[in-house]
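Structure, as structure tokens:
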Number of protein chains: 2
Amino acid sequence: MARTGRPREFDRDRAIEAATALFWAQGYEPTSLTQLKASMGNISPASFYAAFGSKEALFREVVQHYLATYGQVMAPLWDESLSPREAIERTLRGSARMQSARAHPAGCLVVSGASNCSPENEPVQTLLAAERQRTRAGIRACVERAIAIGELKASAATDILPDILTIFFHGMTCEARDGMTSKKLDAAITSLLTLWDVNAVKPGAGKRSQKR
Amino acid sequence: MARTGRPREFDRDRAIEAATALFWAQGYEPTSLTQLKASMGNISPASFYAAFGSKEALFREVVQHYLATYGQVMAPLWDESLSPREAIERTLRGSARMQSARAHPAGCLVVSGASNCSPENEPVQTLLAAERQRTRAGIRACVERAIAIGELKASAATDILPDILTIFFHGMTCEARDGMTSKKLDAAITSLLTLWDVNAVKPGAGKRSQKR
DNA sequence: AGACTTCCATATTAATTGGTCCAGAAATTA
DNA sequence: TAATTTCTGGACCAATTAATATGGAAGTCT
């Protein structure tokens, strides 16, 4: 965008990426300006503020960047060309692999990026909470679509199914950060999805109207 | 214990309780000495350090206090007089009710108490991580006991069952903090436990050898 | 060229962080 | 009462927090 004037000496995109790694690993508040500037090649405060405005503004950019890249593992949730079950399964498996990958910090930035916050940074907390709400809505929409198109039966079990999936989804962050492997997460997903299948209208493998 | 000398003017137990609420709501790092002292009745720094030693020492006491009170919802895990399923169910339902109660901050202190931490406070993070590991071990022991005494079949599904339960258990913290009601959490648990029942040797309600 | 724009380095801001120290007050024990 | 013990209030500490101000260097465009 900047046409005239002295060009910036550091790479803004790389700087965002570095900031993402820091916020992801430590969270919003514990990550200091000093760390951020250092991760961007020891740029000066003036350069930092000229480029990003403030710590909070940078964080919002980081979240956008995260959602546009790593966070795309959840895109299947809103892809209506997929069957609802396929959408859920791809989201879960994709997230599991992403969250436990070693190329970046573990877990999900949206879940753990601002979980410890003092009152003055409540806006940051709210930002991520809204994003989690969007995830919940996406999961719920998938289940409702499955019921609407006759893939799932409407029942008490399918009423609560979105919540179970969401709890599990958000729980993966804690486990991934504590070191659970991608393999184990994936196996857990396989097993969890039987909760979908037992409520399917035409069960693929185990036909049965399960009720407890 | 202090027999002679001027007695402390503030109630140490109430102070711990107040500190617990603060750490629980905000986490370790964002909670400042100023807030802590204020919550204890505006005591002086001298009184604070005489009574607790340091912020970190206080946090360790708070964690102990938490485990000895609120955390007792997990006691069934290590109560071998209960059937393994009963132990798991009581732990999950007790935690769900506790974590979503309105008398104190939502979620679990062990999960979210130090999730955002700068490198210098790694010991605090490690403390909670060890506690979560204890939980995992407890859940795993329950499932293994169930297999040993013939309540559950040994299979791939039961191999991964402890991990599913743990992911779900830790996921409740995120949901509770985001406002999920006790009722919904409880319903989710009911549904989740069908993953146990379909692997039971003598199913209580739905007899079937489910496999996918 | 020369005007203009934007950058960066250094110094500095006020506020807050966790933590220490000392003098004096208040209670207990002998 | 006297000696002892332990608390409290307030001043104070160095370090760090996010953020600004200034002045000059380094580019771009006409």
Side-chain angles (χ1 to χ4, degrees), chain A residues 1-16 18-19 22-23 26-62 113-114 116-125 127, chain B residues 1-16 18-19 22-23 26-62 113-114 116-125 127:
Chain A
M1 280 301 171
R3 284 198 298 275
T4 87
R6 176 179 175 178
R8 169 182 299 126
E9 283 179 10
F10 66 95
D11 184 329
R12 200 176 185 285
D13 290 340
R14 296 179 79 88
I16 290 275
L22 275 176
F23 282 131
Q26 304 181 350
Y28 178 72
E29 281 199 9
T31 300
S32 70
L33 262 292
T34 305
Q35 284 181 308
L36 288 167
K37 291 180 309 181
S39 78
M40 298 171 176
N42 279 309
I43 67 171
S44 71
S47 305
F48 178 89
Y49 283 96
F52 305 111
S54 72
K55 184 183 173 183
E56 180 175 335
L58 169 62
F59 185 73
R60 290 178 184 274
E61 265 198 70
V62 160
N116 290 169
C117 250
S118 25
E120 73 219 36
N121 287 316
E122 187 239 306
V124 171
Q125 221 164 0
L127 171 75
Chain B
M1 279 309 164
R3 281 198 297 277
T4 85
R6 175 178 175 178
R8 168 182 299 124
E9 283 179 13
F10 66 94
D11 185 329
R12 200 177 186 282
D13 291 339
R14 296 179 78 88
I16 291 274
L22 275 176
F23 282 131
Q26 305 182 348
Y28 178 71
E29 281 199 8
T31 301
S32 71
L33 262 294
T34 305
Q35 284 182 306
L36 288 167
K37 291 180 308 182
S39 78
M40 298 171 177
N42 279 307
I43 66 172
S44 72
S47 304
F48 178 89
Y49 282 96
F52 304 111
S54 72
K55 184 184 175 183
E56 179 175 334
L58 169 62
F59 185 73
R60 290 179 185 272
E61 264 197 71
V62 160
N116 290 170
C117 250
S118 25
E120 72 219 38
N121 287 315
E122 187 240 306
V124 171
Q125 221 164 0
L127 170 75

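From a predicted model like this one, the values you see are computed outputs, not experimental measurements. Letters go in sequence order (proteins before strands), and every chain restarts at 1.
Nearest heavy-atom pair, A:Q125 versus A:A114, reported as atom, atom and distance to 0.1 Å: CG-O, 3.4 Å.
Among D:dT8, D:dA19, C:dG19, the nucleotide with an atom closest to any side-chain atom of B:S54 is C:dG19. Distance from the side chain of A:L33 is smallest to D:dA19 among D:dA19, C:dC8, D:dG10. Checking C:dT20, D:dT17, D:dG27 against the side-chain heavy atoms of A:T34 singles out D:dT17 as nearest. Residue B:R6 places its side chain closer to C:dA26 than to any other of C:dT20, C:dA26, D:dA18. Comparing atom distances between the A:A46 side chain and each of D:dT8, D:dA18, D:dA21 picks out D:dA21 as nearest. Taking only side-chain atoms of A:S47, from C-beta outward, the nucleotide of C:dA27, C:dC8, D:dA18 with the closest atom is C:dC8. Taking only side-chain atoms of A:S32, from C-beta outward, the nucleotide of D:dG9, C:dA27, D:dT17 with the closest atom is D:dT17.
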Would you check, one step at a time, whether the test side-chain hydrogen bond (donor to acceptor under 3.5 Å, both in side chains) holds for A:N116 with B:Q26? CA-CA 5 Å; A:N116 290 169; B:Q26 305 182 348; over 6 Å; no

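Taking 4.5 Å as the limit, some side-chain heavy atom of A:L33 sits within range of a side-chain heavy atom of A:Y49.
Backbone-only engagement by A:T31 is indicated by non-hydrogen atom pairs under 4.0 Å involving sugar-phosphate atoms exclusively. Here A:P7 lies in heavy-atom contact (under 4.0 Å) with sugar-phosphate atoms only. Within 4.0 Å (heavy atoms only), B:F52 reaches no atom of the nucleic acid at all.
B:L22 has its CG atom 16 Å from the C1' atom of C:dG18, to the nearest Å. Between the CD atom of A:E29 and the P atom of C:dG18 there is a distance of 11 Å, rounded to whole Å. Atom P of nucleotide C:dA9 and atom CE of A:M40 are separated by 14 Å, given to the nearest angstrom. Residue B:Y49 contributes atom OH, which lies 15 Å from atom P of D:dT8 at whole-angstrom precision. The nearest whole Å value for the distance from the NZ atom in A:K37 to the C1' atom in C:dC7 is 16 Å. Rounded to whole Å, the distance from CD on A:E9 to P on C:dA9 is 6 Å. For the pair B:N42 CG and D:dT8 P, the interatomic distance rounds to 13 Å; values are reported in whole Å. The nearest whole Å value for the distance from the CD atom in B:E120 to the C1' atom in D:dA15 is 11 Å.
Ring geometry for B:F59 versus B:F23: interplanar angle over 60°, hence perpendicular rather than tilted (30 to 60°).
Taking for each of B:P30 and B:G53 the nucleotide of DNA chain C with the nearest heavy atom, the 5'-most of the two is the partner of B:P30.
Environment of CZ in B:R14: sparse, with no more than 12 heavy atoms of neighbouring residues, nucleotides or ligands closer than 6.0 Å.
Note on B:R8: a side-chain N or O is less than 4.0 Å away from OP1 or OP2 of D:dC7.
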